[in-house]
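A short write-up of the structure that comes next.
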Amino acid sequence: MSDRNEAGKEASQNAEQTLMTLDQLSQTLEVMSAVVDRLKSHLNRQLSLTQELFNDEEKVRKAEAEQRADSARKLQQESFVVEITQKELESSSKGKKVIH
């Protein structure tokens with residue numbers, strides 16, 4: 001009889017340990033799920049900020065390009081051409097060669 005009692009106690013203890021282990025696993029999974037959710041949230045925020053930053057930089061680039069185009073148009077409107085010609089050498093110096 002005592003063998004049965006001991007076996008019953010041992011089985012009961014094993015079952016209790018198994019339940020405790022399962023509870024611990026459940027708690028661990030809950031904590032890990034919370035961590036994963038926080039990481040997802042953080043990553044989503046980072047992606048959103050990166051997208052906003054990219055959009056802002058794109059707007060700045062477009063504004064700078066428009067400014068350059070406006071400046072180029074103004075320069076074309078205000079520009080003028082200067083022509084410089086060289087006076088022809090005298091006919092007497094045509095026969096002479098100068099070596100440097």
Side-chain angles (χ1 to χ4, degrees):
M1 210 60 171
S2 67
D3 286 343
R4 275 189 172 171
N5 284 341
E6 286 181 32
K9 284 182 184 179
E10 196 173 310
S12 177
Q13 285 177 348
N14 283 342
E16 286 178 22
Q17 286 178 344
T18 302
L19 284 174
M20 282 180 41
T21 302
L22 290 173
D23 284 340
Q24 289 174 345
L25 281 172
S26 176
Q27 290 172 359
T28 301
L29 289 173
E30 287 175 12
V31 169
M32 290 176 74
S33 291
V35 169
V36 167
D37 288 342
R38 285 176 42 204
L39 287 171
K40 283 181 184 179
S41 175
H42 177 72
L43 182 58
N44 282 329
R45 274 187 271 135
Q46 290 298 323
L47 288 172
S48 178
L49 290 173
T50 301
Q51 185 64 35
E52 286 178 26
L53 182 62
F54 177 76
N55 289 341
D56 289 346
E57 287 177 356
E58 190 66 26
K59 288 176 186 175
V60 167
R61 271 187 249 137
K62 285 180 181 179
E64 288 173 347
E66 287 177 19
Q67 252 183 344
R68 283 192 300 273
D70 288 343
S71 295
R73 274 187 239 112
K74 287 178 184 176
L75 279 175
Q76 286 177 346
Q77 290 171 354
E78 298 172 2
S79 64
F80 55 92
V81 176
V82 176
E83 186 175 320
I84 302 174
T85 59
Q86 182 177 357
K87 185 177 178 183
E88 296 214 15
L89 296 174
E90 295 178 17
S91 60
S92 62
S93 63
K94 281 187 180 178
K96 296 180 183 178
K97 292 186 179 179
V98 178
I99 299 175
H100 295 277

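Remember, predicted model here, so these are calculated numbers, not experimental data. Numbers for residues simply follow the sequence, beginning at 1.
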Open item on the list: One thing to verify: whether R61 and E57 come together as a salt bridge, which I'm taking to mean a side-chain N less than 4.0 angstrom from a carboxylate O.
Closed with: yes
Open item on the list: So N14 and E10, do their side chains get closer than 4.5 Å, heavy atoms only?
Closed with: yes
To the nearest 0.5 Å, what is the distance between [atom1] ([X]) and [atom2] ([Y])?
X: L22; Y: L29; atom1: CG; atom2: CG; answer: 10.5 Å
X: L25; Y: M32; atom1: CG; atom2: CE; answer: 10.5 Å
X: E66; Y: R68; atom1: CD; atom2: CZ; answer: 10.5 Å
X: L47; Y: Q51; atom1: CG; atom2: CD; answer: 9.0 Å
X: Q27; Y: Q24; atom1: CD; atom2: CD; answer: 7.0 Å
X: L43; Y: K40; atom1: CG; atom2: NZ; answer: 10.5 Å

Open item on the list: Quick check against the 3.5 Å criterion: does S48 have a side-chain atom that pairs as donor or acceptor with the backbone of N44?
Closed with: no
Open item on the list: Can a donor-acceptor pair be found, under 3.5 Å and without considering hydrogens, that links the side chain of T50 to the backbone of Q46?
Closed with: yes
